[in-house]
Amino acid sequence: MKTDLPFLEIENEPRRVEVTFDGKQYALPEGGNLAAGLLAAGVTRLRNSRVSGVPRSAYCMMGVCFDCLVEIDGTTRQACLEEVRAGMVIVPSGSEMAHEDG
Amino acid sequence: MFLPGLKWRTKMDSCDLVIIGTGPAGMSAAATAAAHGLEVLLLDEQKRAGGQIYRDVGIASQSRGKILGQEYLDGLGLVDSLANGNIRHVTGATVWSVEQDGTIAWSAKDTASMVRSNRVLLATGALERPVPVPGWTLPGVMTAGAAQILLKQSSIVPRHAVIAGTGPLIYLVAAQMIRAGTPPLALVETQARSQAIAALFRHPGALKAWPQLLKGMDLLGEIRRANVPRHLAATNLRVEGDERAMALTFNSRGADHKIACETVLLHQGVVPNTQISRALDLEHYWHSGQAAFLPVTDEWGRSSQPEVFIAGDGMDINGAVAARWTGALAALRIAADLGKINDQQLQEKAKPVRNSLHQERSIRPFLERVRSCFV
């Protein structure tokens, strides 16, 4: 239910396209900011720390903190600097470090 | 250097001036330099001009503009001024090498390029001072600036957020969230009330800038009318939660508080982004008022290396309007360096810009004293 999501979307957004994140399908605004799209869709974990395995998500939204690292089509990128494109396959960075019940 | 997957352009470009960063300083410098006949390469990490403060202003909708305010919309003129044949604006560009001989390597769309330039202007702006309170790395904890970027670029606002910290930005973000229909659950402010009032009387410079002070007070009125609770002199901030932020706890005026929330927006002011100036081994100095390292520059923004200039918040935190003026001054000096204007023309053109800059800077001491470094 939309009112359960942590972020409110203010405008009627442009057309949405399907992307895959962590094995699930999401319909995100085409050409929109990837990190923002995932946050608005209710994603609370963009990656797991390769050091401790704990979940991490966007912090600065401007490319200086590197907390939003994800793997897009096999390459590690900062989600906050990426645009949504149809058919993107995105995997949390460091997901092999995730705790079993995480 | 071999980088698998990266294609190289074999021809090396050259130009008069490379500007790194397309915020107000970079845009203003580019427009000024181009107007004086300089060939400018403008490199930007983001996808569209505007930097952080004017992020995506070129494509902002009317409703978004209303929420963000006139100050944001003022960036439109700067973006438009980039439409000049002397400016090559490259977006999505990551600058990964700046050599002392003016060779700059950058990549965009997995293609690497190099350019040799007579002059370089660093206009990389500021970044938020990190606020390492316990729990600050949990998902759901972001900077106040990040919330503003989410609103500016993506039109999303957090529904259940606490704003915690100090500095003018916390009031601006709170007001923007109120206008968007999701007021913050609380403002947890780490400065003591007495600090703010004492600063006002100790520094006559602050009284000169009434428009800015009044604007600050309007924001407080907006926050009060929206019934957003304010907790002052907050200490011992801690974000609680297991896999994500669930609550903010703190102490204020002798009482312990716990506010359940999903998002915590932290802010303790901004500091210059000195990544490139450090990589170039330029001289820096500690500015105790700003509690930050600043690059050493002269009155034109020329760094300790004569071919490298710095402008905007990356040189000294003074905000977006001052950044326009320091960007323009650096570009004027560079135009004189490269023989496009003589010294008399330089001084004449610089005079009104310096006046505007002085006006803008006069509020700074007040803001420095209100800011608190300690949580």
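Quick note on labels: first sequence line is chain A, next is B, and so on, each numbered from 1.
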N-O pairing of A:Arg56 and B:Glu243 below 4.0 Å: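 Looking at A:Arg56 and B:Glu243, the cut-off is not met.
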
Got a second to check how far [X]'s [atom1] is from [Y]'s [atom2], nearest 0.5 Å?
{"X": "A:Glu9", "Y": "B:Leu150", "atom1": "CD", "atom2": "CG", "answer": "11.0 Å"}
{"X": "B:Lys152", "Y": "A:Asn33", "atom1": "NZ", "atom2": "CG", "answer": "13.5 Å"}
{"X": "B:Gln153", "Y": "A:Met62", "atom1": "CD", "atom2": "CE", "answer": "12.0 Å"}

With a 4.5 angstrom heavy-atom cut-off, could you sort out which part of A:Cys80 is near chain B: side chain, backbone, both or neither?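 The backbone, not the side chain.
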
Hey, are the side chains of B:Ile156 and A:Leu8 touching, using non-hydrogen atoms and a 4.5 Å cut-off?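 No, side chains not in contact.
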
Quick one: are A:Ser57 and B:Arg244 in side-chain contact, heavy atoms under 4.5 Å?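 No. Closest side-chain heavy atoms not under 4.5 Å.
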
Over 12 non-hydrogen atoms of neighbours within 6.0 angstrom of NZ in B:Lys47: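 For B:Lys47, atom NZ is crowded (more than 12 foreign heavy atoms under 6.0 Å).
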
Against chain A, work out which of B:Thr182, B:Leu265, B:Thr137 has the most heavy-atom pairs shorter than 4.5 Å and name it.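 The residue among B:Thr182, B:Leu265, B:Thr137 with the greatest pair count is B:Thr137.
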
Measure across B:Ala146 and A:Cys60 and return the closest heavy-atom pair with its distance rounded to 0.1 Å.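 Minimum heavy-atom separation between B:Ala146 and A:Cys60: CB-O, 3.6 Å.
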
List in chain and number order the residues that pass side chain to side chain contact (heavy atoms under 4.5 Å, CB included) with B:Leu138, two or more places apart in sequence or in another chain; answer none if no residue qualifies.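 Here the qualifying residues are B:Val141, B:Val239.
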
Test of understanding: with side chain to side chain contact (heavy atoms under 4.5 Å, CB included), list the residues that count as partners of B:Ala93, not counting sequence neighbours.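 Here the qualifying residues are B:Leu43, B:Val90, B:Trp106, B:Ala108.
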
B:Thr94 and A:Leu81: CA distance, side-chain angles, deciding distance, side-chain contact (heavy atoms from CB on, under 4.5 Å) verdict: CA-CA 11 Å; B:Thr94 301; A:Leu81 295 178; over 6 Å; no

Donor-acceptor pair, side chain of B:Arg159 and main chain of A:Phe7, under 3.5 angstrom: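 The answer is yes, because a donor-acceptor pair under 3.5 Å joins these two groups.
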
